[in-house]
Each structure stands twice: as C-alpha cells, then as structure tokens.
Chemist: 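Please read through the structure below; I'll follow up with questions.
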Amino acid sequence: MGSFANFHKRSIEDRDSFWAEQAKTVDWEIQPQQICDYSNPPFAKWFVGGTTNLCHNAVDRHLKDRGDQAALIFVSTETEQEKTYTYKELHAEVQRMAAILKDFGVVKGDRVLIYLPMIAEASFAMLACARIGAIHSVVFGGFASHSLATRIEDASPKVIISADAGSRGGKVVAYKPLLDEAISLSSHKPKAVLMVDRHLSEFAKVAGRDFDYAQAREKHFNTQVPCEWVESTHPSYTLYTSGTTGKPKGVQRDTGGYAVALASSIPNIFQGKPGETFFCTSDIGWVVGHSYIIYGPLIGGMATILYEGLPIRPDGGIWWSLVEKYKVSVMFSAPTAIRVLKKQDPALLTKYNLSSLKALFLAGEPLDEPTAKWISEGLGGTPIIDNYWQTETGWPILTICNGVEKAPSKFGSPGKAVYGYDVKLVDDQTGEELAGANQKGVLTIEGPLPPGNLQTVWGDDARFVNTYWKTVPNRMLYSTFDWAVRDEDGYFFILGRTDDVINVAGHRLGTREIEESISSHPNIAEVAVVGVADQLKGQVAMAFAIAKDASALGDAAARLKLEGEVMKVVDNQLGAVARPSRVLFVSALPKTRSGKLLRRAIQAICEKRDPGDLTTMDDPLALKQIQDVLG
Ligand code: ATP
Ligand code: MG
C-alpha cells in the first residue's frame, strides 16, 4: 500500500491515535483528554478537555522564532497601499483591536460581526476575536443591507466592525449607509459599531453607538491583551454557506479541531513550509478566506497575502507580479477567477519569474478541463491542483495530498478522499453503498466528521441533523448534496449537485457532464445547463452559453449554426439523450457573489417560477438576460 493510502487508512481505522499525532502540531494550554467524543452522533466533539486559542497558534507562538518575519502582506491595487506586517507587528495590532473590543465589554462567547473590505484591519479583527474567545461572524463586504440584516439578526453581535467604504475596480463602494440600513432592518441592535475610516467616503456617525477605530487604537497603542484559553469545542466563528441552492446555512466551527485540521493541511495538502508565502485570492467573507487567507497560513508560520483589488487591474499580470515579488510558494484561487484571466493577454502569465510557486490550488466550483489546461500550460507546467470542499467542512474533502505522497492529478477530478474523511458514494434511493468503480452516487461522509468540520448550524441543532444527516434513506450519513463517481484508482469526479441531476426519459444526467462537454467546443467560454420540466420526457436539458468570440453570433443564423455545432459535440461525446433542447447565448451567467452558477434560479426562470432567495446573487442583469433570450 502506498504511503498516502496508508495515511488515509490510519486516519479512519486508527482515528484517535492518528489525530492525537496531528494535534501535536498545535499548542495547547491543557492537553486534550479525549481525542473524539462521538457518543451523541452526529455531533462530534474533538480534542475534549483540551484548551487552546486560535490566535495564539496563528500569532503568538511564532514570536520566538519568526517575530521579525513577514506575517501579513496587505496589498491594495484599489488604494495603492502595500504594507508588510511582521509577526511582532501583527501581534501588536491584534492586541490593540482586542483591547478595543474589551472596552466595549466583549467577553468570551459574545459575537462580533465583521463587515469589512479586504483590508489588514479585517485580519486584526478576526484574530482579536479569537484572542479573547469572542465568536466572529464575517459577512462578505459585497452583500447589501438585506443580506447583512439577516446575518445581524442571526448572529446577534454585541459589536459590529465595519468601514466607511470598499473599492472595486477604482470605484468607491460605500459600506456605512448599507450597514446603517441593515441595523435598522434588524430587530437586534449592536451595542457599538467600530468604524475603520479609510477616508474614501464621508459618513454620518450615530452618537453613542459609532466609534472611530484610529482613535481607539491610539488609546490602546501599548495595551497588552493575553490570549484567553478556551475549550477545544468553544465556537470560534459562524459563517454562512454561499446560498447557491437556497437559504444560506449558518455554519458553526469549533476551535481545537479547526486549529489541528488547518495545521495539518498546510504541509500535507498545500506543501507549505514556515517562512514561505501563501497567496489565497479569495475573500475573507468566504470559508476559503477564513481557512487560507487568515488562519491556515499563519498557524503554519507562513506569510499570507491579503489582496484588495481585481485580478485584471492594473492589468492581468498583477497576481503573478505578486508571486514574483513575494516569492509565493503556494497559491490558491477559484476557477471563476482563472476564467476571467483567460480573457486577458496570455503573455502576462509568463512575464514574471514564478519559480517560487510549487502549485496553484483551485476550489469552489468544478474545474473544467479547458480552463485547467489553459492555466497549467500558461504557467509553464506549474501543477494545478483542484480541491473540493464546502463551507461546512472548513478544509478539503477531496484533493491530491502531495505533501504526504506525490501523485498525479487527473483532469476533471479533484482527486481522492483526503485523510480523515470516510467518503462513501451511495445510491440516493436506497442508501446502499456503491463501492465499485464508475458508479454514480451521492457523495457522503460517514460520521464523525473529521476535525475542523462544522459542529452544528448556529442556534439550530435540529436543522443540522435534518439538513445534513437525514437525507440518505436508511443510513445516517453526512450528505454533501453533490453527485459523484469514483474511478478504479480512487479518483472522484464531481458530476453536479443533487439538485442538478436531470432525468431525461429515465436517464439520469449530471448538468456538469453536459457543461463539460459543451465547453470543449472551441468557441464556448462558459456554459450553464439546467433541467427544465418537459411533458414528454420528464425533463430536458437547456444550455445558456457565453461565446469566446461574440462576433460569431452576429445574427440569428449564426447563433443557430453555433447552437447546432454545440449540440453535435454533445451528441458525439455523451449521446443524443444528453443533447440540450436549446443552446441560447448570453454575455453573462447569474452567479453567487462567490462565483458559483445559480442554476436553481435559471431553472426557475425557464419553468416560469419564482427564482426564490436571490440575496447572494452577484449581477441581477445576468438573470434578466436569461429571461430575455427565452423570449
Ligand atoms: P449552499 O450550500 O448555501 O447552497 P454552496 O454549496 O454553493 O451554497 P459553498 O459551501 O460555498 O456553498 O460551496 C460548496 C459547494 O461548491 C460544494 O458542495 C460543491 O457543489 C461546490 N464545489 C466546491 N469545490 C468544488 C470543486 N473543486 N469541484 C466541484 N465542485 C466544487
Ligand atoms: Mg452547499
């Protein structure tokens, strides 16, 4: 058995001793007494009896050996700021922020809502909460008042930390009016609002409620705030899922399990080493930002880049210039960002020295083969490593753990089950396990979920149990709601969400398979496929595509020609049963703010239904285009 297979096997069969070993990579004030308490499934408690602190592990413990090394590199191409904070400097900033929170009366277990753009203060705020045992709830800065209000309501924060404004593509986006409106919409009122004033946008202060960060920071310039040791099971944060399939779920994360999972993932999955630089292009409002902009790299003693700006401004080479400048060894992004770069001059990929880069990790949505090939070739063969996970899990479920044992990637596959995850493909009708190769099933995880995964849904244990653990017939398994197939080598291929399976005259097809096939046509940049109710066949596939070269769509005849070509590709690759009934062309597809295709909304429009909760949608005009092309 190869060393990874053995590593994985031990993590499942010898669970407690495996994780006891991993737990040594973090500092504990009191060592855990019990590795995993699963006496009340599906609620798992990790490292019971142990006390620790996320901020200590991310910052304080590095002061001795790397106090003067870079910890946080803040780069904003929006405000032309660039500043490196050493571990010592980060430590000081976090203590200042923690002291301010304590002045507001924030104590262990209190919630603090963070509604900030991608600025250094956002990381000080998160780490300061962790430092004093407060539970942070970061809300993506792109959300407007309604989405923000529901999150304020749900988290009931004592304090909100915000800013006057963000900036996107050089345009100032005021935050404060949205925040004020959200607070007025919410029945919960925070005691205090701490405002980081970037001097981008004038704003009105509410007397007695709003406070200025710069002033408070000055007052606490030299204040020291020790870390509060908390139980391993103490919640560190809550965070909402992306809302792709419906109302977002409030994920609650623990402290000790999360610290251990991230600490072990840095070398084993990401091949990161202390002293190196990690560049994750996500946003702190998403789980990837929590785990791999803030906590993971810092726990691993790495420097982390926090980037505010677009990937194509001042030009499409900006990210690669940062890789060169800061000798980035690990980079993490999303396929949606790579598709944006794909429209830029490819020469920008080779303009910089990228020799420090060990790999580019991509996650969040399916990585289609053309995009993977384009970026891999463009970067001169830098390994592109897909990884599949969820807000709920906090770290990858499927990938290639090159830090444990080097293994080849396969196009279209995020890889194998990561250690700690007892992944099972099951039949969604019977719950029966599909252990053989090349069978399609729902991707589930046998409990206990490994360290770092969600403890429960915030304030709603019943929703946790009913949503995730009660959907597979006859079995109590955690459902990812993703449909997958595993090949003979143990590599998984994600076929789409369980909601997205189309049933055409009794044939079950993943929307993903059809999309993959369509995007292999040389003039298709992006495509969304949905199943639409059909009297005759039950459902038919409908495709909405973006052409690479829009000039090929000049008139109706040209569009029909391309539509015909696309259908032929599907016929040849998958068979006529998968052929979409129509392929319609648009210039943008409706997505969540985190870049995920909102198929459920497209489907609703096609079926003339109400598209439902659209609070997490990015560009409302994209949905309107769908409506328009449907006529
Ligand atoms: P919601 O659960 O609220 O509907 P969401 O599932 O989009 O929203 P996230 O937790 O941000 O919220 O996304 C996780 C999902 O993203 C996975 O379940 C999967 O469908 C998809 N996904 C993530 N990474 C990959 C990947 N590498 N390949 C394919 N799909 C992926
Ligand atoms: Mg989900």
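Basis for what follows: all heavy atoms, side chains included, without hydrogens, waters or symmetry-related copies. Every number for a ligand or one of its atoms is a count from 1 in the order of the listing.
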Chemist: To the nearest 0.1 Å, how far is atom 2 (O) of ligand 1 from its closest protein heavy atom, and which atom is that?
Modeler: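 So the nearest neighbour among protein heavy atoms is K249 NZ, 3.2 Å.
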Chemist: Decide side-chain hydrogen bond (donor to acceptor under 3.5 Å, both in side chains) for T241 and Q390; before the verdict, give the C-alpha distance in whole Å, the side-chain angles of both, and the deciding distance to 0.1 Å.
Modeler: CA-CA 8 Å; T241 60; Q390 306 183 302; over 6 Å; no
Chemist: Name the option, out of T244, T467, L443, L598, that contains the heavy atom nearest to atom 8 (O) of ligand 1.
Modeler: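 Looking at heavy atoms only, the winner is T244.
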Chemist: For atom 3 (O) of ligand 1, which of T391, T241, I385, I494 has the closest heavy atom?
Modeler: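 Ranked by closest heavy atom to atom 3 (O) of ligand 1, first place is T241.
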Chemist: Report the nearest protein non-hydrogen atom to atom 4 (O) of ligand 1: residue, atom name, distance rounded to 0.1 Å.
Modeler: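 Of the protein heavy atoms, T245 OG1, 2.4 Å lies nearest.
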Chemist: How far is atom 12 (O) of ligand 1 from the closest protein heavy atom, and which atom is that?
Modeler: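 Here the nearest protein heavy atom works out to S242 N, 3.2 Å.
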Chemist: Test of understanding: with salt bridge (charged side-chain N to carboxylate O under 4.0 Å, His left out), list the residues that count as partners of E607, not counting sequence neighbours.
Modeler: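 With sequence neighbours excluded, E607 shows a salt bridge (charged side-chain N to carboxylate O under 4.0 Å, His left out) to R609, given in chain and number order.
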Chemist: Would you say G243 touches ligand 1, if touching means a heavy atom closer than 4.0 Å?
Modeler: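 Judged by the 4.0 Å heavy-atom criterion, G243 does count as contacting ligand 1.
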Chemist: Among all protein heavy atoms, pick out the one at the shortest distance from atom 21 (C) of ligand 1; state its residue, atom name and that distance to 0.1 Å.
Modeler: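 The protein heavy atom lying closest is G364 O, 3.6 Å.
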Chemist: Please state which option from R497, R600, E365 has its nearest heavy atom closest to atom 31 (C) of ligand 1.
Modeler: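 The nearest heavy atom belongs to E365.
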Chemist: Mind jotting down which residue pairs meet the ring-ring contact (aromatic ring centres under 6.0 Å, His included) criterion with at least one end in residues 371-417? Sequence neighbours excluded, please.
Modeler: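 Only Y292-W389, W395-Y419, W395-Y421 qualify under ring-ring contact (aromatic ring centres under 6.0 Å, His included).
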Chemist: Is the distance between the ring centroids of H290 and Y237 less than 6.0 Å?
Modeler: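 Yes, the ring centres sit under 6.0 Å apart.
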Chemist: Without hydrogens or angle criteria, can the side chains of N453 and E392 be said to hold a donor-acceptor pair below 3.5 Å?
Modeler: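 No, E392 and N453 have no side-chain donor paired with an acceptor closer than 3.5 Å.
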Chemist: What atoms of ligand 1 come within less than 4.0 Å of a heavy atom belonging to K596?
Modeler: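 Atoms satisfying the 4.0 Å criterion: 7 (O), 9 (P), 11 (O), 13 (O), 14 (C), 15 (C), 16 (O).
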Chemist: Please confirm whether R497 makes a cation-pi placement over F481, using NZ or CZ under 6.0 Å from the six-membered ring centre and within 45° of the ring normal.
Modeler: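 No, R497 does not lie over the aromatic ring of F481.
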Chemist: Of all the atoms in ligand 1, which lie at a distance below 4.0 Å from a heavy atom belonging to W389?
Modeler: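 By the 4.0 Å cutoff, the relevant atoms are 14 (C), 17 (C), 23 (C), 24 (N).
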Chemist: Tell me whether N387 reaches ligand 1 (any heavy atom closer than 4.0 angstrom to a ligand atom).
Modeler: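 The answer is yes: ligand 1 sits under 4.0 Å from a heavy atom of N387.
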Chemist: With salt bridge (Lys or Arg N to Asp or Glu O under 4.0 Å) as the test, would you mind laying out the steps for D368 and R339 before giving the verdict?
Modeler: CA-CA 10 Å; D368 57 286; R339 282 187 216 107; 3.1 Å; yes
Chemist: Centres of the F270 and F278 rings: under 6.0 Å?
Modeler: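 Centroid distance F270-F278: below 6.0 Å, so yes.
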Chemist: What are the atoms of ligand 1, with element, lying closer than 4.0 Å to any heavy atom of P366?
Modeler: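 The list of qualifying atoms is 28 (N), 29 (C), 30 (N).
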Chemist: Run the numbers for me: atoms of ligand 1, each under 4.0 Å from some heavy atom of D482, listed by number.
Modeler: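 In order of numbering, the contacting atoms are 17 (C), 18 (O), 19 (C), 20 (O).
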Chemist: Quick one: do the Q455 and T233 side chains pair a donor with an acceptor below 3.5 Å?
Modeler: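 Q455 vs T233: no donor-acceptor pair found between side chains.
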